[in-house]
A.B. asks: 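Below you will find the structure I want to go over with you.
Chain letters run A, B, ... following the sequence lines, proteins first and then strands; every chain starts at 1. What you see below is based on every heavy atom in this structure, not just the backbone, and it leaves out hydrogens, waters and symmetry mates.
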2 protein chains.
Amino acid sequence: MSDKTDAKASSSKAGTGTGVELGFTPLYLQVRQKMLDKIIAGTWQPGTALPSEQQLALQMGVSQGTLRKALDALASDRVIVRHQGRGTFVAEHDQRRTLFQFFKIASDSDGRMPPETLFCQVAERAAESEESQALQLAGDKVWHIHRHRALRGRVLLLEDIMVDRDRFPALDDRVPLPNNIYELYERHFAITVAHARERLKAISANEKQAELLGCDVGHALLQIERTATALNGSPIEFRRTLCLTDHYHYSSDLR
Amino acid sequence: MSDKTDAKASSSKAGTGTGVELGFTPLYLQVRQKMLDKIIAGTWQPGTALPSEQQLALQMGVSQGTLRKALDALASDRVIVRHQGRGTFVAEHDQRRTLFQFFKIASDSDGRMPPETLFCQVAERAAESEESQALQLAGDKVWHIHRHRALRGRVLLLEDIMVDRDRFPALDDRVPLPNNIYELYERHFAITVAHARERLKAISANEKQAELLGCDVGHALLQIERTATALNGSPIEFRRTLCLTDHYHYSSDLR
DNA sequence: AAGTGGTCTAGACCACTTA
DNA sequence: AAGTGGTCTAGACCACTTA
């Protein structure tokens with residue numbers, strides 16, 4: 001490769017890459033970034049296999065050990081999935097992954113199950129300032145997706161999902177939206193949600209919410225605000241979910 | 001070392017260790033377990049430095065690379081902390097770590113701050129069945145710690161903490177408890193909390209809770225139930241926290 | 001049998017901290 | 001200057017999957 005370099009040179013090379021001399025970027029992180037760029041650009045599509053470690057090491061001009069450290073980092077971020085004996089694959093938002101990684105509601109007695117959509121509406125509207133800030137909008141329009149979601153046939157979740165209209169052209173042509181909306185982002189808009197930050201509060205149901213959820217006005221609800229970000233760290237989605245948690249709970253692991 | 005072994009032998013050796021032939025335990029995981037055992041046993045105390053990688057590799061009879069993989073695993077579980085140029089240390093529950101790892105409440109406007117204890121009561125009582133199950137109690141008694149905790153001088157958190165009486169002898173002699181209770185577990189009872197699972201719900205304040213928190217009866221509160229476990233995976237603490245989230249929220253990262 | 005990722009080694013050199 | 005953890009290499013062999 002033309003950009004092959006030895007370990008000693010990698011330090012200054014990393015510095016010139018950004019134009020800022022911020023100490024030192026190890027070779028394996030440079031390799032990680034190169035591979036991540038290919039995934040972001042779509043050169044390597046979700047679900048497809050990467051070249052073998054031997055081939056990648058040759059392509060990148062590094063040892064297998066260094067290449068593996070780069071793959072280790074991507075795997076720990078769940079950007080890729082490795083299977084001994086089979087190969088390394090770009091991660092995709094299949095039902096299982098989304099269910100466990102991004103859906104944290106479980107029954108008090110029966111564990112987790114996937115929710116089903118009973119109502120879905122997509123509309124274009126001007127962004128509110130909170131949304132504009134969370135999504136770092138260039139324009140001023142968002143898609144507003146409103147869904148009623150049920151567990152065991154009972155509506156327990158009210159979702160309001162806001163995304164940048166300009167990043168999701170003709171989203172309204174995709175109605176009815178698939179149950180797993182992150183799969184839609186990935187397949188039709190080439191945007192992969194990498195992680196999310198959620199803020200939880202307890203609030204009281206207003207009249208409309210009480211009617212939709214079949215509870216009393218003033219009933220305690222769990223409000224979950226989520227900002228979801230893409231592989232490159234840019235915010236993709238702002239979401240507010242209200243959940244009736246009488247027989248369900250939100251599960252969080254602290255490690 | 002007398003138990004030095006080469007890579008080829010490690011597979012069958014791992015099998016005989018447990019008496020069950022469950023495939024294969026790599027050498028670095030065996031080394032990881034050995035070091036974890038020393039930390040659990042207190043041979044290596046929280047806050048102290050481990051021997052250098054070179055020395056450890058010699059002691060364990062493995063290469064530095066394998067030794068580092070074991071340390072990597074312990075570091076990713078936050079059991080140890082490494083500092084380039086200084087050394088490797090057994091993690092301890094200092095204020096900072098507990099604040100960020102186990103305290104997830106933050107102000108809507110000003111980020112996180114440590115809570116202060118305004119009231120604390122310790123009592124011994126019979127365990128309820130839910131507690132007995134969560135803590136896998138051998139006996140039937142628990143310590144019940146009740147605390148009122150404030151942020152910016154205002155009581156926002158009501159905590160009920162239950163621990164096995166037999167694992168915390170004479171806990172009531174430690175009153176007043178320190179602000180950081182996991183530091184107490186670690187220093188005086190040699191129990192390190194490694195991780196926790198939390199279950200969140202929205203509930204309505206009853207009369208007593210409303211009085212303590214200075215809100216109306218029926219006001220929505222965030223209930224957080226936590227089961228905290230030790231380094232060896234055994235449950236240590238069952239805790240129920242009620243939080244007034246009008247100007248605060250619970251923060252959760254999904255990766 | 002061939003190909004994949006996973007483990008392990010021995011050694012070199014680098015970045016960082018402390019004295 | 002000496003000691004620490006961090007990076008990188010080249011090569012060997014192992015566990016697992018697929019054909």
A.B. asks: Of the options dA15(C), dG5(C), dT17(C), whose atoms approach the side-chain atoms of Phe24(A) most closely?
C.D. replies: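 Nearest to the side chain of Phe24(A) among the choices is dA15(C).
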A.B. asks: Considering residues, nucleotides and ligands other than Gln133(A), do more than 12 of their heavy atoms fall under 6.0 Å from its CD?
C.D. replies: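 No, not enclosed.
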A.B. asks: Between Leu50(A) (CG) and dG3(C) (P), how many Å, whole number?
C.D. replies: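 Leu50(A) atom CG is separated from dG3(C) atom P by 19 Å.
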A.B. asks: Nearest of dG5(D), dG5(C), dT17(D) to any side-chain atom of Gln84(A)?
C.D. replies: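 Taking heavy atoms from C-beta onward, the closest nucleotide is dG5(C).
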A.B. asks: Whole-Å distance between dG5(D) P and Gln64(B) CD?
C.D. replies: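 Atom CD in Gln64(B) sits about 9 Å away from atom P in dG5(D).
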A.B. asks: Ring centres of Tyr250(A) and Tyr250(B) under 6.0 Å apart?
C.D. replies: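 No.
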A.B. asks: Would you say Thr88(A) reaches dG5(C)'s phosphate, i.e. side-chain N/O to OP1/OP2 under 4.0 Å?
C.D. replies: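 So the side-chain polar atoms of Thr88(A) do come within 4.0 Å of the phosphate oxygens OP1 or OP2 of dG5(C), strictly under.
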A.B. asks: Can you check the Leu56(B) CG to dG6(D) P distance for me, whole Å?
C.D. replies: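 Rounded to the whole Å, the gap is 13 Å.
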A.B. asks: To the side chain of Glu53(B), which of dG5(D), dT7(D), dA10(D) is closest?
C.D. replies: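 Among dG5(D), dT7(D), dA10(D), the one nearest the side chain of Glu53(B) is dG5(D).
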A.B. asks: Between dG5(D), dT17(D), dC8(C), which one does the side chain of Pro26(B) approach most closely?
C.D. replies: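 So the side chain of Pro26(B) is nearest to dC8(C).
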A.B. asks: Can you classify the ring geometry of Tyr182(B) versus His93(B) as parallel (below 30°), tilted (30 to 60°) or perpendicular (above 60°)?
C.D. replies: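 Taking His93(B) first and then Tyr182(B), their aromatic rings stand perpendicular (interplane angle over 60°).
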A.B. asks: In this structure, how many angstroms lie between the P atom of dT7(D) and the CD atom of Gln30(A), rounded?
C.D. replies: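 In whole Å, dT7(D) P and Gln30(A) CD are 12 Å from each other.
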A.B. asks: Which comes earlier along DNA chain D counting from the 5' end, the contact point of Ser63(A) or that of Gly85(A), where each point is its nearest nucleotide?
C.D. replies: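 Here Ser63(A) is the residue nearer the 5' end.
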A.B. asks: Do NZ/NE/NH1/NH2 and the carboxylate oxygens of Asp37(B) and Arg32(B) come within less than 4.0 Å?
C.D. replies: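 Answer for the salt bridge query: no.
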A.B. asks: Does atom CZ of Arg187(B) have more than 12 heavy-atom neighbours, drawn from other residues, nucleotides or ligands, at distances under 6.0 Å?
C.D. replies: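 Open.
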A.B. asks: Return the pairing partner of dA10(C) with a 3.5 Å limit on both distances, Watson-Crick or G-U wobble; otherwise return none.
C.D. replies: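 Per the H-bond distance test, dT9(D).
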A.B. asks: Does dT7(D) have its OP1 or OP2 closer than 4.0 Å to a side-chain nitrogen or oxygen of Lys69(A)?
C.D. replies: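 For dT7(D), OP1/OP2 do have a side-chain N/O of Lys69(A) under 4.0 Å.
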A.B. asks: For dG6(C) and Arg82(A) - does any side-chain N or O of the residue sit under 4.0 Å from the phosphate oxygens OP1/OP2?
C.D. replies: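 Indeed, a polar side-chain atom of Arg82(A) lies that close.
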A.B. asks: As a test of reading the structure: which of dG6(D), dA10(C), dG6(C) is closest to the side chain of Arg68(B), going by heavy atoms?
C.D. replies: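 Selected nucleotide (nearest to the side chain): dG6(D).
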A.B. asks: Tell me which nucleotide, if any, is Watson-Crick or G-U wobble paired with dT17(D) when both distances must be under 3.5 Å.
C.D. replies: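 Paired with dA2(C).
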A.B. asks: Taking the nucleotide of DNA chain D with the closest heavy atom to each, which residue, Thr66(A) or Gly87(B), is nearer the 5' end?
C.D. replies: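 Nearer the 5' end of the strand: Gly87(B).
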A.B. asks: What's the CD-C1' distance between Gln54(B) and dG3(D), to the nearest Å?
C.D. replies: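 After rounding, the reported distance stands at 10 Å.
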A.B. asks: More than 12 foreign heavy atoms under 6.0 Å from CZ of Arg197(B): is that the case here?
C.D. replies: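 No.
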A.B. asks: Would you kindly give the CG-to-C1' distance between Leu27(B) and dT7(C), to the nearest whole Å?
C.D. replies: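 Checked: the CG to C1' distance equals 9 Å.
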A.B. asks: Between atom CG in Leu71(B) and atom C1' in dT4(D), what is the gap in whole Å?
C.D. replies: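 These atoms are roughly 12 Å apart.
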A.B. asks: Nearest whole angstrom, please: distance from the C1' of dT9(C) to the CG of Leu58(B).
C.D. replies: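 Atom-to-atom, Leu58(B) to dT9(C), this comes out as 14 Å.
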A.B. asks: Any side-chain N or O of Arg86(A) below 4.0 angstrom from OP1/OP2 of dT18(D)?
C.D. replies: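 Yes, such a contact exists.
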